[in-house]
2 protein chains.
Amino acid sequence: MASSRLQRQLKKKKPFDSPEQEANLNILRTNDRFENRLGKFFREYGLTASQYNVLRILRGEGKPLPSLEIAGRMVQVVPAITGLIDRLEKQELVTRKRCSKDRRVVYVEITDKALEILSQMDKPLAKLHRELIGHLSPQELKELSRLLEKARQSVENNATGAS
Amino acid sequence: MASSRLQRQLKKKKPFDSPEQEANLNILRTNDRFENRLGKFFREYGLTASQYNVLRILRGEGKPLPSLEIAGRMVQVVPAITGLIDRLEKQELVTRKRCSKDRRVVYVEITDKALEILSQMDKPLAKLHRELIGHLSPQELKELSRLLEKARQSVENNATGAS
DNA sequence: TGTTATTAGTTTACGTGTAAACTATTATTA
DNA sequence: TAATAATAGTTTACACGTAAACTAATAACA
């Protein structure tokens, strides 16, 4: 009990400077592990995590969306979305359409091929989510989500571009 | 209370498939936000998050470490470490030395210049950690760390290369 | 109406994570 | 001891994320 699990894993000699730092590092480290595992899963379907996210957003919306609207719903900033859509288009998973009313806007639409792939992924993905975190009790899951949402309050008000 | 905060932020129409998925997405999203903020901080000092991590590990150890030992303590895999060390070396923040006993091994040593930069960062970084997550009570921080550590158990046993 | 500002998106440059193939060195073992 | 395996790193190819500069189109407004 003298030294925490994360502390041992990082082979740190000294205790954490603060509980805040420990919690933050726990978030980063847990995310890295989970991203790593999820990345492998997506790769089995020829996708990356970012690509899957774009497709999931488009399917959830049920209709074409402007590029920047998609970018806004992901965490990241603007320019990355261009290449992301480029690659999805090359794989025939989305199509681009210029808006006729405002010719600056590019609408992105998901293809049937992509919808098919997504539907194949749904069950295995749900299973993977359970594998990753299903060993927490319902109360623990609820509390973890609550704490993470509360944690994010510090950055979500101060405009980061999204939302 | 009908729909959670994350659900609203993602503008999802339907509820989450499961509490597991919701918790996982909360981890990913919180991490993205925090990484974003921390990245800006590191950039002010001419570093990236990965570079800072390497330097922090080296300072913590207090002596030179083999490249792969460093890679192992970060979450990531092998090849990235080469370029990372390359760039740090170019900035004169670390030096490389071949081990004479086993000439395959490359030891990486932190420079005084880097130690100086790190010491300048310590206080502001601690302050940033508090800004990010200091609005959680001590009990909440402790519980958050506990839950994240428990969450990681699912991936830390199944060898990912590290630790 | 013509100039300026804003908006949507792209391009470029750089750092980094991932997989796969490769080199150099050391260990194993038939 | 010669062939083989294992280990430490590197290189290459590709997908992103970030910042900064840029284009095209629309809005605002003097």
Side-chain angles (χ1 to χ4, degrees), chain A residues 28 31-54 64-72 74-91 93-94 96-108 160-162, chain B residues 28 31-55 64-72 74-91 93 96-108 160-162:
Chain A
L28 301 180
N31 176 79
D32 277 339
R33 296 301 188 132
F34 281 18
E35 242 180 14
N36 195 293
R37 185 66 193 81
L38 286 167
K40 280 180 187 164
F41 173 79
F42 292 130
R43 241 172 276 128
E44 292 173 18
Y45 293 84
L47 296 175
T48 66
S50 293
Q51 290 173 358
Y52 174 79
N53 262 322
V54 171
L65 285 175
S67 301
L68 290 194
E69 175 67 26
I70 297 172
M74 305 183 66
V75 196
Q76 272 54 32
V77 210
V78 193
I81 199 69
T82 299
L84 200 47
I85 303 292
D86 283 347
R87 282 169 228 114
L88 285 170
E89 198 174 23
K90 197 173 295 176
Q91 292 184 258
L93 299 177
V94 303
R96 273 190 171 100
K97 287 179 189 169
R98 282 271 168 200
C99 175
S100 55
K101 300 201 173 180
D102 185 340
R103 298 187 40 71
R104 290 170 303 184
V105 177
V106 172
Y107 277 96
V108 182
T160 314
Chain B
L28 300 180
N31 177 79
D32 276 338
R33 295 302 188 133
F34 281 18
E35 241 180 14
N36 195 293
R37 185 65 193 82
L38 287 166
K40 279 181 187 163
F41 172 80
F42 292 129
R43 238 171 280 128
E44 292 173 20
Y45 293 83
L47 295 175
T48 66
S50 293
Q51 290 173 357
Y52 174 79
N53 263 320
V54 171
L55 297 179
L65 284 175
S67 300
L68 291 195
E69 174 68 26
I70 297 172
M74 306 182 66
V75 198
Q76 271 57 27
V77 208
V78 192
I81 199 70
T82 298
L84 198 48
I85 304 293
D86 282 348
R87 281 169 227 113
L88 286 171
E89 198 175 24
K90 197 173 294 176
Q91 290 184 261
L93 300 177
R96 271 189 172 103
K97 287 180 190 169
R98 281 273 169 197
C99 175
S100 54
K101 301 200 174 184
D102 184 340
R103 296 186 43 71
R104 291 170 304 184
V105 179
V106 172
Y107 277 95
V108 182
T160 314

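Residue numbering restarts at 1 for every chain, and letters A, B, ... go by the order of the sequence lines.
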Residue pair [X] / [Y]: nearest heavy atoms and the distance that separates them:
X: L65(B); Y: E69(B); value: CD2-CG, 3.9 Å
X: C99(A); Y: Y107(A); value: CB-CE1, 3.6 Å
X: S67(B); Y: I81(B); value: O-CG1, 3.8 Å

When you measure from the side chain of [X], which nucleotide among [options] comes out closest?
X: R96(A); options: dT10(C), dA19(D), dA19(C); value: dT10(C)
X: V78(A); options: dG9(C), dT16(C), dA19(C); value: dG9(C)
X: Q51(B); options: dT16(C), dG9(D), dA19(D); value: dT16(C)
X: D86(A); options: dC16(D), dG9(C), dT11(C); value: dT11(C)

Rounded distance [0.5 Å steps], CG in L84(A) versus CD1 in I70(A): 8.5 Å
From CZ (R87(B)) to OG1 (T82(B)), nearest 0.5 Å: 10.0 Å
Nearest-angstrom distance from the residue atom [atom1] of [X] to [atom2] of [N]:
X: I70(A); N: dC16(D); atom1: CD1; atom2: P; answer: 14 Å
X: E35(A); N: dA15(D); atom1: CD; atom2: P; answer: 17 Å
X: E89(A); N: dA15(D); atom1: CD; atom2: P; answer: 15 Å
X: L65(B); N: dG9(D); atom1: CG; atom2: P; answer: 10 Å
X: L28(B); N: dG17(D); atom1: CG; atom2: P; answer: 13 Å
X: K40(B); N: dA19(D); atom1: NZ; atom2: P; answer: 6 Å
X: I85(A); N: dG9(C); atom1: CD1; atom2: P; answer: 10 Å
X: R37(B); N: dG17(D); atom1: CZ; atom2: C1'; answer: 17 Å

Sugar-phosphate only, base, or nothing, as touched by T82(B) at under 4.0 Å among non-hydrogen atoms: base
Touch class at under 4.0 angstrom, heavy-atom based, for I81(B) against every strand present: nothing
Nucleotides 21-27 of chain C: protein proximity per nucleotide (B base, S sugar-phosphate only, - neither; heavy atom, under 4.0 Å): ---BBS-
Side-chain heavy atoms of T48(B) within contact of R43(B), under 4.5 Å: no
Contacts of Y45(A) that satisfy ring-ring contact (aromatic ring centres under 6.0 Å, His included) - sequence neighbours left out: F41(A)
R87(A) vs L68(B), nearer the 5' end of DNA chain D by closest nucleotide: L68(B)
Distance test, side-chain N/O of N36(B) to OP1/OP2 of dG17(D), below 4.0 Å: no
